[in-house]
Structure formats: C-alpha cells, structure tokens
Number of protein chains: 2
Amino acid sequence: MSFKRQFIIRRFAETEGAISVLHKEEIGIERLPKRQRQQKLVELIDENPFVTDRELTRRLKVSIQTIRLDRMELGIPELRERMKLMAERSYDQVRSLAAEEVIGDIIDLQLDRSGISIFEIREEHVFSRTQIARGHHIFAQANSLAVAVINDEIALTASADLRFVRPIHLGEKCIAKAYVRTSPGKAWRAKVEVLSYVGEEMVFQGNFIIYRSDDKNR
Amino acid sequence: MSFKRQFIIRRFAETEGAISVLHKEEIGIERLPKRQRQQKLVELIDENPFVTDRELTRRLKVSIQTIRLDRMELGIPELRERMKLMAERSYDQVRSLAAEEVIGDIIDLQLDRSGISIFEIREEHVFSRTQIARGHHIFAQANSLAVAVINDEIALTASADLRFVRPIHLGEKCIAKAYVRTSPGKAWRAKVEVLSYVGEEMVFQGNFIIYRSDDKNR
DNA sequence: TAGAAGTTAGTACCAGGTTCTAAAAGCCTT
DNA sequence: AAGGCTTTTAGAACCTGGTACTAACTTCTA
C-alpha cells in the first residue's frame, strides 16, 4: 500500500556496529551506520513522500550528497519524480473509476438469455484480517451482470435472494454466470439466476428480480 | 471530474472576430483570438494536465510568454504545482480508501443489538442515464452495517434476502438501520434485519444471516 | 493618429535536483 | 605506522520548468 513498494527493492541484511566515539562526541549527535541510515531514509520517504533531500539532511544529520548517494543506491527517485508517479497513478485511477459502469469484466453476453463475467478479488475487496472478500463485492458482480443481461432501456433490481456458499479469498477469480429464467420481452419483471464459481466450485448463488422498462416491448 | 474544476473559474462570454488577414498569411497558421485561445488552453490542460508550457506553444502557435500570461489570467498553476496537487489528492485518497472498511458512515452502533449508518448517493453510485442508484451500493451499505453490528472477530455474510422498495436518486441520503434479531453470543449465525430510509420513506429492506466466529463465546 | 490591449523577447532568478571530479575522513589490516 | 579500502563531504557545471520583471513591438480601436 505504501509508496516505497512501487520501486524500492530492499534488502537489509545485518546491522552494523557504532561509529567513532571521537567524532560522535565532537559533533554531538548520533549518526547511524550506513545500513541503518538507509533503512531510516526509506521509512522517512515512505511516511512522507513529499520530503525534500534538504529536509532529510536535517533528519539524518548527514550531508545532502550522502542523502543523494543513498537514494541512488536504493533506487528512490527524486521528489518531483515521486510526485509525478503519484499524480499519474491517481490520474489513471480516475479514468478507470469512470469506466466502472459494471463490476467485473463481462466476457459473454446473450441479451435476455445469459451472461458471464470475471472478477478478480484484490486487496481492496477483502477484509484485511482474514483476506476474505466482503460480500457486497461478490453481490456487486452478480447484480451488475443480472442488470446487464436484461435487454432494456432501464433495468433495476427489485429484489434478490442470496446465498454465500463459501468464503472467497484474495487472488481468487470469481466467475459469475447469469441465466434469465422468464421468457424475454413479456413480463415487466425478469427473473435472473446468477451462479458464481471459483474453478469448479460454486461459491455464490443469487436469484434476482429485475424491473424492466418495457418501452421496447410495447 | 476533470482537473480544471479544482481551481479554474471560467467565464467565457462572447467570442471574438478573426485576426489580421495580413499577418495570418505571413505566418501561415491560424491563430485564435484571446478568448478562444484561453478556452482552448483550458481544454488542453484539462485533457492532459501533464502538458508543459513549451508543448502548449506548439499547439496554440503563440509564444511561451503568452501561454504564461494566459495561465496567470486563468489561475492555472504551473505543471509541477498541478502534479503536486494531484499527488496530494491521491495520497489522501489512498489513506481514505484504506479507511473504507465500511460503506456509509456509521453514526450509531450498539454491538449485537443495532446500528445506524448514513450514505449519500453521489455521481459515482448512479446509472448515468437515470440518476438512480445501482442496487449494489445500497446493498453494500446494508451489508457493511450488518457485519459491523455483529460483535465478533470474524463476521461473514452467509445469505441475504433483499427488497429494493423504490428507486433511490442522486443526492438522496440513505439511512440504514440494522437490528440484530437473534440473541447475542449464542448461535453461531446471527440474523440481522436492515431497513433503509430516505426521509420517512422506506426504500430498502434486507434480511441477513451472518456467520460469526464464536471465538469470544467459547 | 494616439493610446490601449495584446503579444513577444530577454534577462535574472528559483527549487530541486543530476553528473562529475576531487578531496577528506574513518576503518581495517598488515 | 602506513597502505588501501569504503564512506562521506564538497563544489562546480548543468538541467527542467518554471516566476518576476522590464522593454519593445504589433494590432486594434476610439
């Protein structure tokens, strides 16, 4: 989740001894050995990516050149580059959020008959403690698909009946299959059954009643 | 949604006439009158906030000074400032997303008894065509609340029974009230009823069965 | 035709760096 | 104690993408 993970490869093996007592007392502040300082550097930038090198010199009590050498070694880009990366990331997010008309990718759709969508469970969908997907995401996939499969101007969920058969975990790909159960274009409410699978295993089942705007069928 | 709306106040009244034909032909490219150019400038920065002034000179066929005067007049910050703003915004978002353990704001919670949450329907929750909230957001609020109200290490939705009583529109505030129906701490599945209101009107009703991790109760 | 509005040019300066060279300081080993 | 290594510091030149300011030139308009 944190900033560093985007581009920092860390390997801090052993820690090292203290430094010259003489110099330590001359300067009057404790300076860390290289490894520890670099670790601290990563932490500082991680907790505030907007920090400048000059600020870091004050926090770590070394010269600005040392800070810059450290950033080099650790592969940490300069402040402006960090901000640019963050800005680009958020820009992409905005774009993809706007495109999120539907939860999950619909990979097959036969209007008024059936549909299939795939949804991968990621970090943001699970309880952090258990790594189990929150129910409403599973529902959102099924509901989106049920609405999409109805061939009408307007389609709204009227009611639903859900069974979460087994917990779904981080990383699993959830495949939802929707089947329209009523004859198309006649009733102004459609019955849609959605079954979700991980592999062969059924993990969720839902029966939806969808209101449709029988515009086209009159 | 777009970038400009963060800091640009626009008022483009009338458009103006064309420019000197003499000069036009000398240069060989059409240059816009001030107002139109500034409008175009806003559009260009809006569609790509990462554009430099130098690039803008190429697109608008005026000198870099003119670009900068225009940005001043329009109150558009320089590229680096724009990126910084976006980065800060996304940084805050990451923090708030991580905090999004629950959909809707829980304003009252009596564990194992009842709870209330408020959720305002915004742009991103509605069908753009009809301005009606997608069902899964309403469900998400109810489900989050039902899970939150259960006083257990782990609580998972096992099944649910939903009725979307009437459509909920953009801007409406949806107030969900959850009641635990089974005696607390005994059964390892709790029954929770959630009723959602807009004002006095009931708009959604759901009956949830929640699995609980009877850790605490053994 | 004068003056205002609009446009362009140029210089000095800024933050927050990179790149490179070089020297000093600290540490370890023989 | 000296040599050789790593580490740290220093400094100068240069970079991008600007701001701030002065000055002049062009165009429109009254």
Side-chain angles (χ1 to χ4, degrees), chain A residues 13-27 29-41 44-45 48-87, chain B residues 13-27 29-41 44-45 48-87:
Chain A
E14 59 291 290
T15 45
E16 285 163 32
I19 64 152
S20 157
V21 177
L22 269 163
H23 210 69
K24 186 172 172 177
E25 300 207 299
E26 272 169 39
I27 295 175
I29 22 154
E30 13 62 53
R31 309 164 87 183
L32 301 165
K34 194 174 181 185
R35 284 273 164 95
Q36 288 179 28
R37 186 190 59 232
Q38 294 193 340
Q39 184 159 19
K40 187 91 184 168
L41 182 85
L44 286 170
I45 293 180
N48 175 22
F50 299 94
V51 68
T52 62
D53 286 1
R54 198 157 301 278
E55 274 222 26
L56 290 167
T57 64
R58 286 195 285 272
R59 313 279 260 110
L60 296 174
K61 312 291 182 193
V62 287
S63 73
I64 203 157
Q65 281 80 357
T66 303
I67 298 290
R68 286 169 179 169
L69 283 173
D70 283 353
R71 274 201 299 99
M72 293 250 151
E73 285 181 25
L74 296 166
I76 302 174
E78 60 165 300
L79 170 58
R80 286 154 172 164
E81 213 55 39
R82 294 196 301 266
M83 293 197 304
K84 191 178 178 188
L85 284 168
M86 295 175 73
Chain B
E14 58 292 293
T15 46
E16 285 162 33
I19 64 151
S20 156
V21 177
L22 269 163
H23 210 68
K24 186 173 173 177
E25 300 207 300
E26 272 168 40
I27 294 174
I29 22 153
E30 13 63 54
R31 310 163 86 182
L32 301 166
K34 194 175 181 184
R35 285 274 164 96
Q36 287 180 28
R37 187 190 59 232
Q38 293 194 340
Q39 185 159 18
K40 187 88 185 170
L41 182 86
L44 286 170
I45 292 180
N48 175 22
F50 299 94
V51 68
T52 62
D53 287 359
R54 198 156 301 279
E55 274 223 26
L56 290 167
T57 64
R58 286 197 284 273
R59 313 281 257 108
L60 295 174
K61 311 292 181 191
V62 287
S63 73
I64 203 156
Q65 279 81 357
T66 302
I67 298 290
R68 286 169 179 170
L69 284 173
D70 283 352
R71 272 201 301 100
M72 293 249 153
E73 286 181 25
L74 295 166
I76 302 174
E78 59 165 301
L79 170 59
R80 286 153 173 163
E81 213 56 38
R82 295 197 299 268
M83 293 197 305
K84 190 178 177 186
L85 285 168
M86 295 174 74

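A, B, ... follow the sequence lines: proteins, then strands. Residue 1 opens every chain.
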Sugar-phosphate, base or nothing in reach of B:Ile64, heavy atoms under 4.0 Å: nothing
Donor-acceptor pair (no angle test) under 3.5 Å: B:Glu81 side chain, D:dG18 base: no
Of the listed nucleotides C:dT8, D:dA10, D:dT19, the one nearest the side chain of B:Gln65: C:dT8
Between C:dG17 (P) and A:Glu55 (CD): distance, integer Å: 11 Å
B:Arg82 side chain to B:Phe50 backbone, donor-acceptor under 3.5 Å: no
Gap between atoms CG and C1', on A:Asp53 and D:dT9 respectively (whole Å): 15 Å
Between D:dG18 (P) and A:Met83 (CE): distance, integer Å: 12 Å
Atom pair distance, as rounded to whole Å: CD in A:Gln36 and P in D:dT7: 14 Å
Value rounded to 0.5 Å, distance of OG1 in A:Thr52 from CD1 in A:Ile45: 10.0 Å
Separation of D:dC28 P from B:Arg35 CZ (nearest whole Å): 17 Å
Donor-acceptor pair present, A:Arg80 side chain and C:dG17 base, under 3.5 Å: no
Sugar-phosphate only, base, or nothing, as touched by B:Arg54 at under 4.0 Å among non-hydrogen atoms: nothing
Interatomic distance where CG belongs to B:Leu41 and C1' belongs to C:dG6 [whole Å]: 16 Å
Nearest-angstrom distance from the residue atom CG of A:Leu79 to P of C:dA15: 14 Å
Nucleotide of C:dG16, D:dT9, C:dG6 approaching A:Thr52 most closely (side-chain heavy atoms): C:dG16
Sugar-phosphate only, base, or nothing, as touched by A:Glu78 at under 4.0 Å among non-hydrogen atoms: sugar-phosphate
Closest-nucleotide ordering on DNA chain D, the 5'-leading residue of A:Thr66 and B:Met72: A:Thr66
B:Leu56 CG - D:dG17 P separation (whole Å): 12 Å
Below 4.0 Å: OP1/OP2 of C:dT19 and any side-chain N or O of A:Arg68: no
